[in-house]
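Okay, so here's the structure we're looking at.
Residue numbers begin at 1 in each chain, while the letters A, B, ... track the order of the sequences.
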Protein chains: 2
Amino acid sequence: MKMHNPPHPGEVLRELCFEPLGITVTAAAKALGISRKTLSAILNGKAGISPEMALRLSKAFDTSPESWLNQQMHYDIWQAEKVHKDLKVQKLAVA
Amino acid sequence: MKMHNPPHPGEVLRELCFEPLGITVTAAAKALGISRKTLSAILNGKAGISPEMALRLSKAFDTSPESWLNQQMHYDIWQAEKVHKDLKVQKLAVA
DNA sequence: ACACGTGAAACGTATCACGTTACGTTCATT
DNA sequence: AATGAACGTAACGTGATACGTTTCACGTGT
């Protein structure tokens with residue numbers, strides 16, 4: 001199973017949660033208890049979703065922290081695969 | 001669904017992958033292309049599994065990076081819930 | 001007794017999340 | 001036209017974390 005260019009979790013957040021609610025970034029940041037800059041960075045793909053942030057989102061939107069961190073994980077793996085294409089690792093388990 | 005004290009991914013690594021193979025930490029680190037210290041820290045719960053490390057493990061053991069980062073994610077969430085018990089967040093979505 | 005593998009600590013570097021403060025732009029209301 | 005809200009962004013500092021090299025102390029086997 002391949003992942004093709006997974007979206008940044010921040011974009012998903014914006015499109016799936018914030019835009020439907022019509023809430024401003026400023027207000028949302030205040031509700032989440034974080035700074036506007038931090039939220040802005042996430043929504044614009046400049047920052048990832050930390051475990052603590054996943055907790056906040058799960059409480060605000062009545063979801064699971066896992067759902068947010070899973071997106072972040074897939075994004076991170078995809079990024080890591082791009083950057084570390086030439087990763088030389090010896091096989092340790094029998095084939 | 002609650003997670004009760006999920007094990008540190010490093011312990012799982014040690015018990016499920018390294019002990020059965022009877023490989024030394026030094027040799028495994030060399031095979032993975034990382035320092036012995038870094039591997040030691042992971043196996044002893046002093047460091048987490050980074051996306052890049054998950055990639056290395058997946059190549060060495062013919063598994064998926066997701067399986068490793070998933071463990072790390074659950075561990076991180078559990079930790080975050082312990083530390084940030086009193087997280088005041090306003091509900092944003094309708095109940 | 002000596003060498004080797006191991007765990008762990010100290011130290012340095014790089015990256016990243018996060019906060020505060022500040023600036024410029026755009027848009028809407030006055 | 002002017003005021004203020006909302007937004008993106010930059011600078012700066014802090015703390016956490018991953019990673020490396022070096023070093024030290026504890027074992028075990030030769």
Whole angstroms only, please: what is the [atom1]-[atom2] distance between [X] and [N]?
X	N	atom1	atom2	answer
A/Lys46	C/dC16	NZ	P	14 Å
A/Arg56	C/dG19	CZ	C1'	12 Å
B/His84	C/dA17	NE2	P	15 Å
A/Ile42	C/dC16	CD1	P	15 Å
B/Leu32	D/dC19	CG	P	11 Å
B/Leu39	C/dT6	CG	C1'	12 Å
B/Ile34	D/dT17	CD1	P	18 Å
A/Lys30	C/dT20	NZ	P	11 Å

Handout entry: From A/Arg14 atom CZ to A/Ile42 atom CD1, the distance as rounded to the nearest 0.5 Å
Key = 11.5 Å

Exercise for the section: Output the distance between atom CD (B/Gln71) and atom CD1 (B/Ile49), rounded to the nearest 0.5 Å. Expected result: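 One gets 6.5 Å once the value is rounded to the nearest 0.5 Å.
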
Which protein N or O atoms sit under 3.5 Å from an N or O of nucleotides 5-7 of chain D?
residue : atom : partner : partner atom : Å
D/dC7   : OP1  : A/Val25 : N            : 2.9
D/dC7   : OP2  : A/Val25 : N            : 2.8
D/dC7   : OP2  : A/Thr26 : N            : 2.7
D/dC7   : OP2  : A/Thr26 : OG1          : 3.0

For [N], does either OP1 or OP2 sit under 4.0 Å from a side-chain N or O belonging to [X]?
X	N	result
A/Lys37	C/dC18	no
B/Ser50	D/dC19	yes
B/Thr38	D/dC19	no

Handout entry: Partners meeting side chain to side chain donor-acceptor pair (under 3.5 Å) with A/Asp76 (sequence neighbours left out)
Key =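 A/Gln72.
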
Exercise for the section: Indicate yes or no for a side-chain donor-acceptor contact from A/His8 to the backbone of A/Gly48 under 3.5 Å, with no hydrogens or angles considered. Expected result: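 The answer is no, because no donor-acceptor pair under 3.5 Å joins these two groups.
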
Practice task
Report yes or no: do A/Val12 and A/Leu69 belong to one cluster of Ile/Leu/Val/Met/Phe/Trp/Tyr joined by side chain heavy-atom distances under 4.5 Å?
Solution key: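 Each belongs to a different hydrophobic cluster.
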
Handout entry: Shortest non-hydrogen contact between A/Val25 and A/Ser40, atoms and distance
Key =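 Scanning both residues, the minimum pair turns out to be CG1-N, 4.3 Å.
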
Handout entry: Where at least one partner belongs to residues 23-34 of chain A, residue pairs that pass side-chain hydrogen bond (donor to acceptor under 3.5 Å, both in side chains), sequence neighbours excluded
Key =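 The answer is none; no pair qualifies.
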
Exercise for the section: Scan B/Leu43 against the nucleic acid and name what it touches under 4.0 Å (heavy atoms): base, sugar-phosphate only, or nothing. Expected result: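 Nothing, no heavy atom under 4.0 Å.
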
